[in-house]
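In what follows, a structure is listed as structure tokens, so that the remarks can point back to it.
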Amino acid sequence: MRTGAELQRDLRMYLSRGLNRSLAPPDRVSVNLTLRCNLSCTMCTTCYDSPELSTDEVKGIIDQTSVWGVPVFNPLGGEPFMRSDIEELLAYAVRRGFYVSVTTNGTLITLRRARALAAVPTDRLHFNISLDGDASANDAIRGPGMWARAIEGYRRLREADAEAGNSRRKILANTILHANNLDRFEAILDEQAALGFDGVQVLNLFRAGPEASADSRALQFSPAQQPALLALCERLARRAEAQPEAGYTIQNTPDELRMIPRYHTEALGPLEAPCWAGWKELYINADGAAIMCDGQLDFLNGTFGNVREQTLRQLWASPALRARRAVVKTCQTPCVQTCYLRGRSDSGAALLQDGAQLAISTLRSRLAGRLRGAVEHLPEATLTLELSDVCPCDDPACTTPPRRWSALTAGLPRRPSAETWGPLRDHGQLDFGRGFMGFDVVRAILDDLSAQGLRFGALSLRWRGEPLLHPEIEPILAFLLDCARQGRFDRLRLHTDGRFLTPALLELLSQPAPLDLHLDLDRGDGEHAPDLLATLPADTQLLLLMAAHPDLSLDDLRRRAHGLPLLVGPRPSARRGAHLRAARSADPAEDDALRAHYVELAARLGQPFTPPDPRRCHAPARSPVVSWDGKLTLCDQDLPLELAYGSVTPGSLAALWRGRPHALAVEQSARGGTPERARCRSCRAPGCPSGA
């Protein structure tokens, strides 16, 4: 079901098209950064030398798009990587808050360029790599060796992200369905999945006119191929209907796939696939001209202004665009291009029905909560919110790449401290362009859980980074402490190395609240431990976290514990103590020895226990994590986000938690010990005796 905001926008789009008025801004602003290309594809008629907007002019368009509130900036070509400033432009668009998907042939992505792009947040910058089939079909269109070069560019992007310690970046294949790959199209998709692509956008081939080249006409489906095309598209549609949310997925809707055969037999009616070209997109050509389809697939014939003479909003409201829209609205030859379909706004009846369902659902939810006061309580589950994925520590066991800290503090004359952090932050001397969860996202998650009657046992604030680095940590902590007092979750857990604990934060934490404060001595020096012991209320749990390395004696551990008792086991219940965690190693044999040492240490302390069953993983039912960029993953060991199965931006955490992918993972864990995923099968965390 649509959210209220989505419904409102979809309705405004519906009315805009019906009345031919600009009642809503476009979904995206698209710009041909260049019309140059290093390839000469047989069916392409859009690449040639043309004047181009300068770097500053493109940035000006990005600025206008941002101020206007359009959610997507869409860089196109030609081949965008023909521009030497492409990395600069993409980074600039992301800094202005855009989600950017770049369509490229992939052949010009060098290792240097891939490393530059790895510095751009993975949730904001995605890639679509054009592959017109397997190597044989692709190279027949794009030239010998071009498939291999495209795959090499793709692998460089993956390797650069891995080297930077990034979470998985979405990279799709753009693949045209044509006569020369029809017989093996499904095998081509399986090949892309094996290569690690996240999915495919199946592109429909334009019907070739009489002026098309012989090579281009050879790609068209013959009458004899129509039955095979119909059968294939039906299989693809069913595959799209049954596919899971995670993994390699077909991006097209089943309806879009089923329309393709009828397009090629000219059996598709004009209103069966209404075009939204002039309503969902404002399209700027490389020379600054605003362009749009003229109803005959000639975009240059649909020019209606220029960004060098008018603002984007002036172009959007211009009489010339209204005239262009009127032509497209009556187009008799729908092209079934996904980029110009907007099924969410096609039907006024569907919009009204969804509006009624949303109103009824909201009313039922509120009434149910009031009548029964019922809340789904999960006392054993801990929801982790990653406020930051940046960590300043020097601990060799830390999994957060140090380059993130270097990027955040680049240009500073000296290493920041708790005393200097606030002034540096407040005077704009730190680059918070990536790696930090927005306060609005935190609020939205808690509001969603409350509205849907879902209450976790604990809300934890550390995953891959140090939460106290967040630029809004004081108001976020104040908000979450209030939520804890209101009972929206049982306890708030703040896991920090303590080096950025300021007097203001200490004062905030000293107020009565159901709070667990875990001070990580492996990452910090624990200098604030005496202050915390003296000021924290009795109900606040204070645990000092330490790894029990074999080279540390019991006396060493006790000296570090500030007089607190040493505690072992997965879940200490004591209000005060030094919780010893098992040291970890990437070497399985060494890791087994470290686990054995931990169990032996527990016995020496008089706290024997039975380590968790290494064959049983409870993470799907107990350890959801929302990354700073909104991805929901199954467990807190999934640092590269390989197990992510949805996003809360936009989206509903409660809906994802109660959805089928999560239920399936819980079911698989109960049945077979772990979810049926490669990363889960090789994970050694379930049997860690300290629960860490």
Side-chain angles (χ1 to χ4, degrees), residues 25-34 53 55-77 80-81 83-104 109 112-129 153 156-158 160-172 198 282 284 312 386 388-390 401 403-411 428 430-441 464-465 470-471 627-631 641 644 647-650:
D27 290 335
R28 63 173 184 249
V29 169
S30 299
V31 180
N32 282 338
L33 299 179
T34 180
L53 295 164
T55 302
D56 286 343
E57 285 176 317
V58 175
K59 287 183 176 179
I61 293 174
I62 294 170
D63 290 339
Q64 288 186 62
T65 307
S66 175
V67 172
W68 196 4
V70 175
V72 176
F73 171 74
N74 186 31
L76 297 171
F81 282 86
R83 285 190 68 129
S84 61
D85 60 354
I86 182 63
E87 297 91 346
E88 177 184 355
L89 292 174
L90 297 177
Y92 185 80
V94 167
R95 284 200 301 274
R96 291 308 309 261
F98 288 108
Y99 294 91
V100 180
S101 292
V102 185
T103 299
T104 171
I109 301 176
R112 177 191 64 79
R113 299 185 108 168
R115 285 172 173 164
L117 293 165
V120 183
T122 56
D123 70 312
R124 293 277 178 171
L125 178 62
H126 301 161
F127 292 92
N128 301 324
I129 295 182
R156 285 171 178 156
L157 291 173
R158 289 287 192 223
D161 274 331
E163 182 182 281
N166 292 339
S167 57
R168 184 177 180 84
R169 190 184 302 273
K170 185 176 181 180
I171 305 180
L172 303 174
D198 295 297
L282 178 57
I284 308 301
L312 297 184
E386 183 184 37
S388 163
D389 77 340
V390 181
R403 65 179 62 87
R404 293 179 184 163
W405 170 251
S406 301
L408 177 64
T409 58
L430 299 162
D431 182 5
F432 290 103
R434 68 160 306 284
F436 297 89
M437 179 179 285
F439 192 1
D440 58 332
V441 176
R464 295 177 296 186
H470 197 287
S627 65
W628 69 268
D629 50 0
K631 297 182 180 70
L641 288 166
S647 175
V648 302
T649 53

(request) Only counting residues at least two apart or in another chain, list the ones meeting side-chain contact (heavy atoms from CB on, under 4.5 Å) with Arg28. (result) Ser30, Val72, Asn74, Lys280, Glu281, Cys339, Tyr340
(request) Using ring-ring contact (aromatic ring centres under 6.0 Å, His included) as the criterion, list what pairs up with Phe436, not counting sequence neighbours. (result) Phe432, His470
Under 3.5 Å: donor-acceptor pair, side chain of [X], backbone of [Y]:
| X | Y | answer |
| --- | --- | --- |
| Glu386 | Ser627 | no |
| Arg83 | Thr34 | no |
| Thr65 | Val70 | no |

Spacing of [X] atom [atom1] and [Y] atom [atom2] [to the nearest 0.5 Å]:
| X | Y | atom1 | atom2 | result |
| --- | --- | --- | --- | --- |
| Ile109 | Arg115 | CD1 | CZ | 14.5 Å |
| Met437 | Asp629 | CE | CG | 8.0 Å |
| Leu125 | Asp161 | CG | CG | 9.0 Å |
| Leu76 | Leu33 | CG | CG | 7.5 Å |
| Thr122 | Ile171 | OG1 | CD1 | 10.5 Å |

Restricting to non-hydrogen atoms, name the atom on [X] and the atom on [Y] that form the minimum distance, rounded to 0.1 Å.
| X | Y | result |
| --- | --- | --- |
| Gly165 | Pro401 | CA-CG, 3.5 Å |
| Val102 | Pro75 | CG2-CG, 4.0 Å |
| Glu57 | Leu53 | OE1-CA, 3.3 Å |
| Thr409 | Trp405 | OG1-O, 2.9 Å |
| Val100 | Ala93 | CG2-CB, 3.9 Å |
| Leu89 | Ile62 | O-CD1, 4.0 Å |

(request) Using the salt bridge (Lys or Arg N to Asp or Glu O under 4.0 Å) rule, collect all pairs that involve residues 58-70, keeping only residues at least two apart or in two chains. (result) Lys59-Glu88, Asp63-Arg96
(message) Do Phe98 and Ser66 have side chains that approach each other closer than 4.5 Å (heavy atoms only, starting at C-beta)?
(response) yes
(message) I'd like to check Ile61 versus Leu312 (side-chain heavy atoms, cut-off strictly below 4.5 Å). Are they in contact?
(response) yes
(request) Please list, chain by chain and in numerical order, all residues satisfying side chain to side chain donor-acceptor pair (under 3.5 Å) with Asp198, sequence neighbours excluded. (result) Arg158, Arg168
(message) Once side chain to side chain donor-acceptor pair (under 3.5 Å) is applied, do any residues pair with Ser388, and if so which ones, sequence neighbours excluded?
(response) none
(message) Could you tell me if Asp85 and Thr55 have a donor-acceptor pair between their side chains, going purely by distance under 3.5 Å?
(response) yes
(request) Check the pair Phe73 / Val31 against side chain to side chain contact (heavy atoms under 4.5 Å, CB included), numbers first and verdict last. (result) CA-CA 8 Å; Phe73 171 74; Val31 180; 3.7 Å; yes
(message) Under the criterion side chain to side chain contact (heavy atoms under 4.5 Å, CB included), I'd like the reasoning laid out for Asn128 against Thr104: C-alpha separation, chi angles, the key distance, then a yes or no.
(response) CA-CA 6 Å; Asn128 301 324; Thr104 171; over 6 Å; no
(request) Using salt bridge (Lys or Arg N to Asp or Glu O under 4.0 Å) as the criterion, list what pairs up with Asp389, not counting sequence neighbours. (result) Arg404, Arg434
(request) Start with the C-alpha gap between Ser101 and Lys170, add the side-chain angles, then the distance that decides, and say whether side chain to side chain contact (heavy atoms under 4.5 Å, CB included) holds. (result) CA-CA 9 Å; Ser101 292; Lys170 185 176 181 180; over 6 Å; no
(request) Walk me through it: do Glu87 and Leu117 pass the test side chain to side chain contact (heavy atoms under 4.5 Å, CB included)? (result) CA-CA 6 Å; Glu87 297 91 346; Leu117 293 165; 4.1 Å; yes
